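Here the structure is laid out as structure tokens; the discussion comes afterwards.
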Amino acid sequence: MRSKKTLIHAAVDINQTANKFKSSIVLVMDNRVVDAKSMLGLSNSVLTSDFFRLEIYGEDAKEAKKAMRDVFLSNGLPVEISNK
């Protein structure tokens, strides 16, 4: 099990990466939807979820998808990126 400190660090990394893009970036997990650009919602979600699905829409979505996948994987968090 990962420590809270490590998970909070992961939430900060995810938030900072999401905020680099204009695209909408949302996490969908456990019937909840959280804006990845919202530190409050994101930190709670990272602490309580084991798997994440991202939905990314916008003008720089292609670049955002790659960066978000990379940041989740570098923090050891499983992620699926929706191709809707």
Side-chain angles (χ1 to χ4, degrees):
M1 184 170 167
R2 297 173 62 111
S3 72
K4 278 189 177 183
K5 184 176 181 180
T6 302
L7 290 171
I8 291 170
H9 177 76
V12 170
D13 283 351
I14 292 164
N15 178 260
Q16 288 177 342
T17 301
N19 277 299
K20 292 178 182 178
F21 297 95
K22 292 180 181 178
S23 291
S24 170
I25 303 173
V26 294
L27 291 170
V28 180
M29 72 229 105
D30 305 326
N31 297 320
R32 292 179 297 160
V33 177
V34 175
D35 183 350
K37 296 179 183 182
S38 165
M39 191 60 211
L40 181 61
L42 187 61
S43 60
N44 185 43
S45 299
V46 170
L47 291 173
T48 60
S49 297
D50 294 323
F51 183 79
F52 306 92
R53 188 176 88 231
L54 284 172
E55 294 183 2
I56 303 172
Y57 305 99
E59 64 187 69
D60 55 0
K62 183 177 179 180
E63 297 85 2
K65 286 178 181 182
K66 181 184 180 335
M68 294 305 293
R69 180 185 317 277
D70 291 348
V71 76
F72 270 81
L73 296 178
S74 71
N75 281 285
L77 298 173
V79 65
E80 172 187 304
I81 299 180
S82 178
N83 289 321
K84 289 184 180 181

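Below, all heavy atoms of this structure are taken into account, side chains as well, without hydrogens, waters or symmetry copies. It should be emphasised that the depicted structure is a prediction, and the values quoted were computed from it without experimental measurement.
- By the neighbour-count criterion of 12 heavy atoms within 6.0 Å, atom CG of Leu73 is densely surrounded, having more than that number from other residues, nucleotides or ligands.
- Sorted pairs that involve residues 12-21 and meet salt bridge (Lys or Arg N to Asp or Glu O under 4.0 Å), not counting sequence neighbours, are lacking altogether.
- Evaluation of the salt bridge (Lys or Arg N to Asp or Glu O under 4.0 Å) rule for Asp70 yields Lys66 as partners, not counting sequence neighbours.
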TODO: Tell me, with the steps shown, if Val26 and Val34 meet side-chain contact (heavy atoms from CB on, under 4.5 Å).
DONE: CA-CA 5 Å; Val26 294; Val34 175; over 6 Å; no
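- Contact check for Asn75 versus Thr6: no side-chain heavy atoms found under the 4.5 Å cut-off.
- Side chain of Asn15 to main chain of Lys37: a donor-acceptor pair is present (N/O by atom type, distance under 3.5 Å, no hydrogens or angles).
- Within the 4.5 Å cutoff, the side chain of Met68 has heavy atoms near those of the Ile56 side chain.
- A distance of 8.0 Å separates CD in Glu63 from OG in Ser23, rounded to the nearest 0.5 Å.
- Closest heavy-atom contact between Leu77 and Ala10: CD1-CB, 4.0 Å.
- Hydrophobic clustering (side-chain heavy atoms under 4.5 Å, transitive across Ile, Leu, Val, Met, Phe, Trp, Tyr) keeps Val12 apart from Phe21.
- Put simply, CD1 on Ile81 and NZ on Lys65 are 7.5 Å apart, with the number rounded to the nearest 0.5 Å.
- Rounding to the nearest 0.5 Å places OG of Ser45 at 11.5 Å from CG of Leu7.
- Looking at heavy atoms from C-beta onward, Leu54 lies in side-chain contact with Leu27 at the 4.5 angstrom threshold.
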TODO: Walk me through it: do Phe52 and Ile14 pass the test side-chain contact (heavy atoms from CB on, under 4.5 Å)?
DONE: CA-CA 12 Å; Phe52 306 92; Ile14 292 164; over 6 Å; no
TODO: Kindly indicate, with the supporting measurements, whether the criterion side-chain contact (heavy atoms from CB on, under 4.5 Å) is fulfilled by Asn19 and Ile25.
DONE: CA-CA 9 Å; Asn19 277 299; Ile25 303 173; over 6 Å; no
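- No donor-acceptor distance shorter than 3.5 angstrom exists from the side chain of Ser82 to the backbone of Glu55, with no hydrogens or angles considered.
- Placement of Val79 and Ile8 within a single hydrophobic cluster is found when ILVMFWY residues are connected by side-chain heavy-atom separations under 4.5 Å, directly or transitively.
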